[in-house]
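Here is the structure we will look at.
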Amino acid sequence: MNVSIIGTGYVGLTTGTCLAFLGHQVTCVDADEQKVQALQAGKIPFFEPHLAELVDDVKANLTFTTQYADAIPQAQVVFIAVGTPPGHNGAPDLKYLEAAARGIGQYLAGEFVVVVNKSTVPIGSSNWVESIVRDAYEKRTGKKANGVFAMASNPEFLREGSAIFDSLYADRVVVGSDHQRTREVMYSLYRPLLEQTFKPPSYVPRPDRMGAIPLISADLASAELIKYAANAFLALKISYINEIGQLAEKVGADITQVARGIGLDARIGMRFLQAGIGWGGSCFGKDTAALVATAAEYGLDAPIVKAAREMNRRQRERVVEKLLDELKILKGRTVGLLGLAFKPDTDDLREAPALDIARKLIERGARVKAHDPVAMERFLEQYPDLDVTLCATPEAVAQDTDAVVLVTEWQQYRDLDWKSIKCTMRTPVLLDGRNVLDRGVLTRAGFRYVGLAG
Ligand code: UGA
């Protein structure tokens, strides 16, 4: 099929590339000329494992442009995958969504097109987007837009750092729409994915025993709510294990054992029970805020989601409190942060805990050094005013520091030679912000091991 994607961020570019991989002819549109030029030259504007390889493999099916005129008239399906950054009072800012809807309406050729919203949008936005596309089309052509297009909502569940795996081997595909014809188009589009009939890329193999992917066909509002409800649930699962972690610390229990002990109950599940600093990134914070804002519009309070947000905020404060407990005075001390990105395998710094922790430490008069395997360049670009000394290696971060905090659990930090690192530190305090290091090994190496949950 002929598919166009508006927006080449994580979601848009991954979706476009995966659809091209499934054999569709895909045109990606982005207003940013530099970004489009880079993509045309095969350069990916962010770090995402295997995406560059896949883009290269499917280049015959994938084109990039800044012009709606090159993308919309021939398309059978148009995806909107633009950013919806945080706006006022927790509600996301929809200006890019509005611009995309107008652009699509202005260039629809008149043949039936499915306009699919993939951006995470407040409930009811599909109706709103429909009215903008309709107005733009009718204004340009002077004709009624009936039968020219229909809306679908197709929320995205991929995680940064494993975007291609999550797209090709999704747990489910959710399609919201109010028309049978739209559902049929979406089914044809996703058929090779749903039935897993494609030959997997060698670098992202299909998991063993992978069956067909379930398609959830819902109405528009339900599909939109599924996205928020999923992210909020995952966010509160993390906050829940962090709440239990605080209690584990008081009673002398081991949160890793507790998480395993409850996670093996299939009704609870093992995933997203990793206690630690808590969540960051562009989704959980924004989406839980948006859910609370939507609930408020309808006179509801959403106390559980609010509590999950509060717990997440507290975890970051606790890092600084724990360092204060250990070092007694932070003024004039040097603290090393291992990891800047909000999680491993990405260079994304949006709502990254490291930023908050660095700010809080600097406010209290500490000096902060940091390392990240991929996010340091982006850090310099985006936070030039944050007074953090970047180091080329994790060993250099630890040198002459009073404490080291593991903020992002990159594999390379788990494998460090901690024993020799300890010898270069001023005081061997190690705060394991992700609960991934071996307390026994570190204690034996002479560290004062501090966890966030015991
Ligand atoms: C999240 C969801 O997992 C995706 O399903 C969704 O599509 C995406 O948001 C989105 O809405 O676009 P993402 O933010 O990329 O994906 O990353 P996650 O892997 O979910 O991690 C989020 C944060 O939670 C990270 O800071 C991670 O360190 C933290 N986390 C995760 C924990 O603290 N504990 C855990 O057990 C798991």
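Remember, predicted model here, so these are calculated numbers, not experimental data. Order of appearance sets the numbers: ligands from 1, and atoms from 1 within every ligand.
Of all heavy-atom pairs spanning Cys28 and Leu62, the tightest one is SG-CD1, 4.0 Å. Counting all heavy atoms, side chain and backbone alike, Arg183 lies closest to Asp178 at NH1-C, 4.3 Å. Considering all non-hydrogen atoms of both residues, Lys343 and Thr408 come closest at C-CG2, 3.3 Å. Summarising the geometry of Leu193 relative to Ile213, their closest heavy-atom pair is O-CD1, 3.6 Å, with the distance given to 0.1 Å. Contact between Ala290 and Pro92 at its shortest, heavy atoms only, is CB-CD, 3.9 Å. Scanning both residues, Gly278 and Asn242, for their nearest heavy atoms gives CA-ND2, 3.8 Å.
The shortest N or O to N or O distance between Gly280 and ligand 1 is under 3.5 Å.
Scanning the protein heavy atoms around atom 23 (C) of ligand 1, the nearest turns out to be Trp279 CB, 3.6 Å. Protein heavy atom closest to atom 6 (C) of ligand 1, with residue, atom name and distance, is Leu158 O, 3.3 Å. Nearest to atom 22 (C) of ligand 1 among the protein's heavy atoms is Phe284 CE1, 3.7 Å. For atom 3 (O) of ligand 1, the nearest non-hydrogen atom of the protein is Arg159 CG, 3.3 Å. If you check which protein heavy atom lies closest to atom 37 (C) of ligand 1, you get Phe272 CD2, 3.5 Å. Nearest protein heavy-atom contact of atom 17 (O) of ligand 1 is Lys343 NZ, 3.1 Å. With respect to atom 34 (N) of ligand 1, the closest heavy atom belonging to the protein is Gln274 O, 3.0 Å.
In summary, Arg102 and Glu98 engage in a salt bridge, as defined by a charged side-chain N under 4.0 Å from a carboxylate O. For Asp356 and Arg359, the salt-bridge test passes: some basic side-chain N is under 4.0 Å from an acidic carboxylate O. With respect to Arg314 and Glu321, a salt bridge is recorded, a charged nitrogen being found less than 4.0 Å from a carboxylate O.
Under 4.0 Å from ligand 1, the heavy atoms of Leu273 that appear belong solely to its backbone. Heavy atoms of Tyr10 found under 4.0 angstrom from ligand 1: none, in either backbone or side chain. If you look at Thr408 next to ligand 1, there are no close heavy atoms at all, none under 4.0 Å. Contact annotation: for Arg271 versus ligand 1, there are no heavy atoms closer than 4.0 Å. Looking at Arg434 against ligand 1, only its side chain comes within 4.0 Å, counting heavy atoms.
Checking Ser126 against Glu224 by side-chain atom types alone, a donor-acceptor pair falls below 3.5 Å. Remark: the Gln315 side chain and the Arg318 side chain contain an N/O donor-acceptor pair separated by less than 3.5 Å.
Ligand 1 is never approached by Thr120 to a heavy-atom distance shorter than 4.0 Å. Contact between Cys283 and ligand 1 is present, with at least one heavy atom of the residue lying under 4.0 Å from the ligand. Residue contact annotation: Gly276 has no non-hydrogen atom under 4.0 Å from ligand 1.
Nearest residue to atom 15 (O) of ligand 1 from Glu160, Gln315, Lys237 is Glu160 (criterion: closest heavy atom). The residue from Lys286, Lys227, Arg350 that puts a heavy atom closest to atom 11 (O) of ligand 1 is Lys227.
In this structure, Arg206 forms a cation-pi arrangement with Phe198, its terminal cationic atom sitting closer than 6.0 Å to the ring centre and no more than 45° off the ring axis.
Listed by atom number, the atoms of ligand 1 under 4.0 Å from Glu156 heavy atoms are 7 (O). Residue Ile238 has at least one heavy-atom neighbour below 4.0 Å for each of these atoms of ligand 1: 24 (O), 29 (C), 30 (N), 31 (C), 32 (C), 33 (O), 34 (N), 35 (C), 37 (C). Near Phe157, meaning under 4.0 Å from any of its heavy atoms, are these atoms of ligand 1: 4 (C), 5 (O), 6 (C), 7 (O).
In this structure, the ring of His371 has its center less than 6.0 angstrom from the ring center of Tyr413.
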